[in-house]
Protein chains: 2
Amino acid sequence: MTLLEEARQGKVTEEIERVAALEHVDSEWLRNRVASGKVVIPANRHRRLEKICGIGAGLKTKVNANIGSSPFNPCPEAEERKLRVAEDAGADTVMDLSTGGDLNEMRQHVARTTRIPLGTVPIYQYMVDYKNSCKPDLGNLMLEYLDQHGKDGVDFVTVHCGVTRQAIESIEEERLTGIVSRGGAFLARWMREMNEENPLYSRFDEVCDVLAQHEMTLSLGDGLRSGCIHDANDRAMIHEMLTLGALARRARAKGVQVMIEGPGHMAVNQIEANVRLQKQVCDGAPYYVLGPLVTDIAPGYDHITSAIGGTLAAIAGADYLCYVTPAEHLRLPTLEDVRNGVIASRIAAHAADIVKGIAGASEWDDQMSKARKSFKWEDMFALAIDPETARAMRKESGLSQDEMCTMCGDYCSMRQGTQTARKN
Amino acid sequence: MTLLEEARQGKVTEEIERVAALEHVDSEWLRNRVASGKVVIPANRHRRLEKICGIGAGLKTKVNANIGSSPFNPCPEAEERKLRVAEDAGADTVMDLSTGGDLNEMRQHVARTTRIPLGTVPIYQYMVDYKNSCKPDLGNLMLEYLDQHGKDGVDFVTVHCGVTRQAIESIEEERLTGIVSRGGAFLARWMREMNEENPLYSRFDEVCDVLAQHEMTLSLGDGLRSGCIHDANDRAMIHEMLTLGALARRARAKGVQVMIEGPGHMAVNQIEANVRLQKQVCDGAPYYVLGPLVTDIAPGYDHITSAIGGTLAAIAGADYLCYVTPAEHLRLPTLEDVRNGVIASRIAAHAADIVKGIAGASEWDDQMSKARKSFKWEDMFALAIDPETARAMRKESGLSQDEMCTMCGDYCSMRQGTQTARKN
């Protein structure tokens, strides 16, 4: 039996207990959410997670960090360092998106060593193994890759099942940036070269069977997400979303936990509509968004364009934010980029959690504000989303702990307030 | 006659012509906006601005950068370098908030050398000259300082006229962080020590007379802005806003252009209400917001918390964003902090301008998207909000200009799309 099937039969599994304790929610309430598909708990049955993670409505907004080698940088050690940085910065999950070097070794190593849920995009392995060429037996190969990833302990997999022939019909003509998902773009090429339907769509039940066997959560990839604000919420994107909603029902019927992936680049005034539509047509399935990046013109700062969009998406109902680093559109991220990306996404998630009314969210802010008012610098550092950076920046000013900061010195407004309070 | 009076009499002044040309709007439409007080053009009559700037509904969202020495860092050269960085990064205006060293020299030097409108907070000069002590003749001294700043060529001044005895009555008891505006906190202390009303409120007409004489725009300071999300939109804040709205009418009646300052720290779900209320009770006066910072827990990253809030505020109707740097709450900003602050605010302003439908806004994004799709790296750098950073990050990857980036290499989705397009 899968976790979803157990929950549906009324069983509060160990995974549900652990997530309920972490989130300070009632375990029976959570069981119900899992049973209905509104919350997923990615947890491969072949390994035990040190830090389990529930994703969905009513829980804290989660943050994913992507790591992984690329053909130009096939260095597993570098990626392992990024994994540690991402974990230390507070990422809730990690995806290994390697496309360079020995992919099996990399993934197995990450699965052995990471404390948090691990996701992959198995079609990348096909693309690497077959040098980007279109083999007729893509469907069988993909089922084998999925099985291998399941055996290796992967907790969730992105599969682009909604990139159908109908959805991509006129996409290259209508869009400024066409298809920008690597898997989606490859599948579109495969379908055109083979003149066949996407096997991940036509053989969806088989995909689900493999996932159920290993208790892998299905992340239905948005292969047709918008790569620029011009293309956001266009017919191809919404067509794919409708397909993903229908497939999500089928996955759940087969006992597979499922979440839906979303954009991408999107102007602020398109975000709420996109998220509300996803929640409606996917029966409340958890929504996992990349960004959204609210403008295209800020390469070098796309952790910020994404933090803006991520906040709004999460407030509208998105449950899970995939980080974007400052290096997006420019190069593979460095360690520093990874840290900046995780922190920016965590800021977005938290700013939204305040609005969502998540337990403990605004209390965190209030604790910081009290520490600030009473000049308790050590408390401020401990409460900061990135204590190390806050401490280092303060230290650069060369002041000791009991003094004001170099911004205002004696003219500190908080001290004026204290003087007033003392006087009265 | 002041610019506002001329506009009201139907005259399209040179300043209005210049702003209309920059913004690609009709000059008669703009004259009307200026006449009604919905747009201001800060431009001291004693100097000619190299880069003039209109602020208000229907125009591009503007960005201000603060520079200025502090008691711990009274180095005018360091602040001058920040001014250059802020201008080069694209700040529309600059405020000299110096509280260390020779304030007159600093301000006069900035006024002589800056290309963009200059603002100041004259009460800081009082606080420095009189070592934070409460003198009975504060009102007269402030009128003298305002006159001096006007003669020096300052284009707009923040004056905290709305910090009244009634507004601050119970503020220290109700708030977590009390009063966090330096000027506001000082005035509150002065009122309590003197047991008198704020002279900037009680002698408001005299304040306006001095400003009109030099054609300085009045920025009605929000001395009671929220310093943490707990305190946002509380009674003190809204009380002050109502006062500022009433004072704005009186200022306009005396021929003084006026804008209103706003928060501060504020959770996302409070921002729209705040901005819409400001527009209503201040007769559509331009709204100049600091942040808003959407969470208190991210010292070291408050350019990001502010970019999130600034985007939402601007979409709701705010016209002018005061930057916040990563150093906020920790220390005086460095050059790098200034650049990061300006760029983050410009991202927020632009993300909002797309939604506001400002001429040229989404077209900028579309140009970038076309350049991206066709791998025109030089065009992408030229179009980037910070060309230097984008170019440097790309360069670090060591690839030449005609290649993919190190993120995906051969698996680049945009290239897959091109391959498909070529095939079909």
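Note on naming: letters A, B, ... go to the chains in the order of the sequence lines (proteins, then strands), and numbering restarts at 1 for each one.
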Output the distance between atom [atom1] ([X]) and atom [atom2] ([Y]), rounded to the nearest 0.5 Å.
| X | Y | atom1 | atom2 | result |
| --- | --- | --- | --- | --- |
| Asp365(B) | Leu293(A) | CG | CG | 10.5 Å |
| Cys228(B) | Asp366(A) | SG | CG | 6.5 Å |
| Asn340(A) | Ile304(B) | CG | CD1 | 7.0 Å |
| Arg189(A) | Ser413(B) | CZ | OG | 12.0 Å |
| Ile229(B) | Trp364(A) | CD1 | CH2 | 11.0 Å |
| Tyr301(A) | Ile343(B) | OH | CD1 | 5.0 Å |

With a 4.5 Å cut-off on heavy-atom pairs, point out which of [options] contacts chain A the most.
| options | answer |
| --- | --- |
| Thr305(B), Leu332(B), Leu97(B), Ile297(B) | Ile297(B) |
| Thr295(B), Thr389(B), Thr99(B) | Thr295(B) |
| Val294(B), Thr311(B), Val355(B) | Val355(B) |
| His350(B), His303(B), Arg331(B), Lys395(B) | Arg331(B) |
| Tyr124(B), Phe72(B), Phe186(B) | Phe72(B) |
| Thr177(B), Val268(B), Ile354(B) | Thr177(B) |

Is it the side chain or the backbone of [X] that comes within 4.5 Å of chain B heavy atoms, both, or neither?
| X | answer |
| --- | --- |
| Pro299(A) | both |
| Asp337(A) | side chain |
| Pro326(A) | both |
| Arg182(A) | both |

At a heavy-atom separation under 4.5 Å, does Asp231(B) approach chain A through its side chain, its backbone, both, or neither? neither

Where on Ile171(B) is there a heavy atom nearer than 4.5 Å to chain A: the side chain, the backbone, both, or neither? neither

Can a donor-acceptor pair be found, under 3.5 Å and without considering hydrogens, that links the side chain of Asn132(B) to the backbone of Asp410(A)? yes

Within a strict 4.5 Å, meaning less than it, do heavy atoms of the [X] and [Y] side chains meet?
| X | Y | value |
| --- | --- | --- |
| Leu330(B) | Trp377(A) | yes |
| His230(B) | Ser369(A) | no |
| Met407(A) | His329(B) | no |
| Ile315(B) | Asn269(A) | no |
| Asp296(A) | Leu383(B) | no |

In this structure, which one of Met368(A), Lys370(A), Gln367(A) forms a side chain to side chain contact (heavy atoms under 4.5 Å, CB included) with Leu176(B)? Lys370(A)

Just give me the residue among Ala390(A), Gly398(A), Ser397(A) that pairs up with chain B most often, heavy atom to heavy atom, under 4.5 Å. Ala390(A)

Max heavy-atom pair count under 4.5 Å with chain B, selected residue of Ala361(A), Ser70(A), Gly300(A): Ser70(A)

Heavy-atom count around Glu388(A) CD within 6.0 Å, excluding the residue itself: above 12? no

